[in-house]
Colleague: 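Handing you this structure, nothing more for now.
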Amino acid sequence: MPAFNEAAGVETAVAEVDRAILGRLPGSRLIVVDDGGTDGTGPILDRLAQGLAPRLVVIHQANAGHGPALMTGLARSRAPWVLLIDADRQQDAEDFWRLWARRQGAAMVVGVRQGRWEGPGRALISRTLRLLGRLLFGARLADVNAPFKLIGRPCLERLTPLLGPKALAPSAGLVLAASALGLVVVQEPVAHRARRDGPSRLIGRRLLRLCWAAALELWRLRLRLARAR
C-alpha cells in the first residue's frame, strides 16, 4: 500500500484491510510505504504499527512517486500471494476475497472496477493505458491500471526485474507483461468508491507528462520482453 499525504484517511484504510483481510487470513501482513509525505502520514503509520505489529509493516522513504513506492513494497514482500491496494480507500478491502477465490491456476487476478468515474484526468490515463496495452502487448484487458491486483510469487519474481525499482507505472506494467508472456490473468469485477479524502493530484500538465512518461516506459518494457524471450 503506497501512501503519500494520506493523513486524512490512512488510519481508516489500514483498519479496513486489518478487519477484512489480516484478521481472517493467518500469517498475512500489510506493508505500507510512506512516500515522503509532509502531512503527518508517517507518524500516524508509526503509531498504528505499534499496536498492529507484526501484521502492519511501515516503510519510510524519500518522495519518489507512487510507482517506486509500490516497487519498494513489492521488494519487501515475501508472501506466496501479494495484493496491490492503494491508501485512498477507493477499493473495498472485502473484495479481496473475490480475487482470492479465483487464484487457482492464475498468475494474477485483476479487480476490474465497476461503475468507475473519477473525472476526465483519470479517464484519460485509463484509456491511454488500455490502448497501449492493445498496441504494444496485444492485451485486451478491461482495466489495465486497476490498483487492486492479486499476484502470485512466481509471477512477481519473473516480472519485477523487468520493471526496475523506479518504475513509473508498475501496476500496468505487471499485468501487461504477464499477458504478453501468456501467463494466466483472471479478471474479476469489484466495487469502486469515489475518492473520499480530497481531489486527485493528477491534473493539467502533470497529467499529460505522466501519460507520456508511462507510454515511454511501457514501450521500453515491451522491448525488454522481446529480448528476454
Side-chain angles (χ1 to χ4, degrees), residues 1-5 33-37 59 61-77 82 84-88 90-91 107-108 110-113 116-149 151 155-183 185 187 195 199-229:
M1 178 186 283
F4 174 72
N5 284 349
V33 180
D34 168 34
D35 189 38
I59 302 171
Q61 68 177 31
N63 179 243
H66 181 277
L70 184 60
M71 295 301 294
T72 296
L74 290 177
R76 179 68 68 89
S77 69
V82 176
L84 309 188
I85 186 171
D86 283 346
D88 56 14
Q90 291 187 281
Q91 306 305 137
M108 180 185 306
V110 178
V112 179
R113 293 166 287 186
R116 181 189 180 205
W117 176 246
E118 300 174 86
R122 294 280 182 171
L124 175 61
I125 293 175
S126 293
R127 286 195 297 268
T128 299
L129 291 173
R130 192 160 53 243
L131 177 61
L132 289 171
R134 292 183 180 182
L135 293 177
L136 298 178
F137 298 85
R140 294 189 173 274
L141 299 166
D143 198 351
V144 172
N145 203 39
F148 201 61
K149 295 180 174 76
I151 309 176
C155 181
L156 281 175
E157 291 182 350
R158 183 176 182 182
L159 298 183
T160 51
L162 295 171
L163 298 175
K166 297 182 180 181
L168 177 67
S171 181
L174 284 167
V175 70
L176 290 174
S179 180
L181 291 172
L183 304 181
V185 177
Q187 301 183 77
R195 181 176 172 85
S200 170
R201 303 179 185 93
L202 292 176
I203 57 175
R205 293 182 179 178
R206 183 182 181 191
L207 174 65
L208 294 176
R209 287 196 299 268
L210 176 63
C211 288
W212 175 247
L216 292 177
E217 179 174 283
L218 291 176
W219 170 251
R220 290 191 291 266
L221 174 61
R222 189 66 186 91
L223 294 177
R224 286 194 292 273
L225 284 172
R227 290 194 295 266
R229 286 184 170 181

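All of these numbers come straight from a predicted model, not from anything done at the bench. Residues: numbered from 1 along the sequence shown.
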Colleague: Could you check whether any side-chain N or O of D35 sits under 3.5 Å from a backbone N or O of A3, counting only pairs where one atom can act as donor and the other as acceptor?
Modeller: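 Such a contact is absent between D35 side chain and A3 backbone.
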Colleague: What's the separation between atom CG in L174 and atom CG in L183, rounded to the nearest 0.5 Å?
Modeller: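 Reported value, rounded in 0.5 Å steps: 11.0 Å.
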Colleague: I want to check something: taking the side chain as every heavy atom from C-beta on, are F137 and L221 in contact at a cut-off of under 4.5 Å?
Modeller: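 Counting from C-beta outward, F137 and L221 do come under 4.5 Å.
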Colleague: How long is the span from the CG atom in L218 to the CG atom in L223, to the nearest 0.5 Å?
Modeller: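 Between L218 CG and L223 CG, I get 11.0 Å after rounding to 0.5 Å.
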Colleague: Below 3.5 Å, can you tabulate the donor-acceptor pairs from side chains in residues 64-77 to any protein atom, sequence neighbours excluded?
Modeller:
from	atom 1	to	atom 2	distance (Å)
H66	NE2	D86	OD1	2.9
T72	OG1	Q61	OE1	2.7
T72	OG1	P68	O	3.0
S77	OG	L74	O	2.7
S77	OG	R153	NH2	3.1

Colleague: How many angstroms lie between CD in Q187 and CG in L141, if you round to the nearest 0.5 Å?
Modeller: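 Q187 atom CD to L141 atom CG measures 5.0 Å (nearest 0.5 Å).
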Colleague: On a heavy-atom basis, which atom in V185 and which in S179 lie closest, and how many Å separate them?
Modeller: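 The answer is CG2-N, 4.2 Å.
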Colleague: Going by heavy atoms in the side chains, are M108 and V175 under 4.5 Å from each other?
Modeller: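 A side-chain contact under 4.5 Å exists here.
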Colleague: Calculate, to the nearest 0.5 Å, the distance between atoms CG and CG belonging to L176 and L136 respectively.
Modeller: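 The distance works out to 8.5 Å.
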Colleague: S171 and L84: which non-hydrogen atoms are nearest, and at how many Å?
Modeller: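 Nearest heavy atoms, S171 then L84: OG-CD1, 4.2 Å.
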Colleague: If we only count heavy atoms from C-beta on, is the L181 to L159 side-chain gap below 4.5 Å?
Modeller: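 Yes, at least one pair of side-chain atoms sits under 4.5 Å.
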Colleague: Are side-chain heavy atoms of P147 and R113 found at a separation under 4.5 Å?
Modeller: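 P147 vs R113: side chains touch.
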Colleague: Side chains of residues 161-168: which donor-acceptor pairs under 3.5 Å do they make with residues two or more places apart or in other chains?
Modeller:
none

Colleague: Can you list everything that forms a side chain to side chain contact (heavy atoms under 4.5 Å, CB included) with L131? Sequence neighbours excluded, please.
Modeller: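 By the side chain to side chain contact (heavy atoms under 4.5 Å, CB included) rule, L131 matches L135.
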Colleague: With rounding to the nearest 0.5 angstrom, report the CG to CG distance, N145 to L132.
Modeller: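 Spacing of CG (N145) from CG (L132) equals 11.0 Å.
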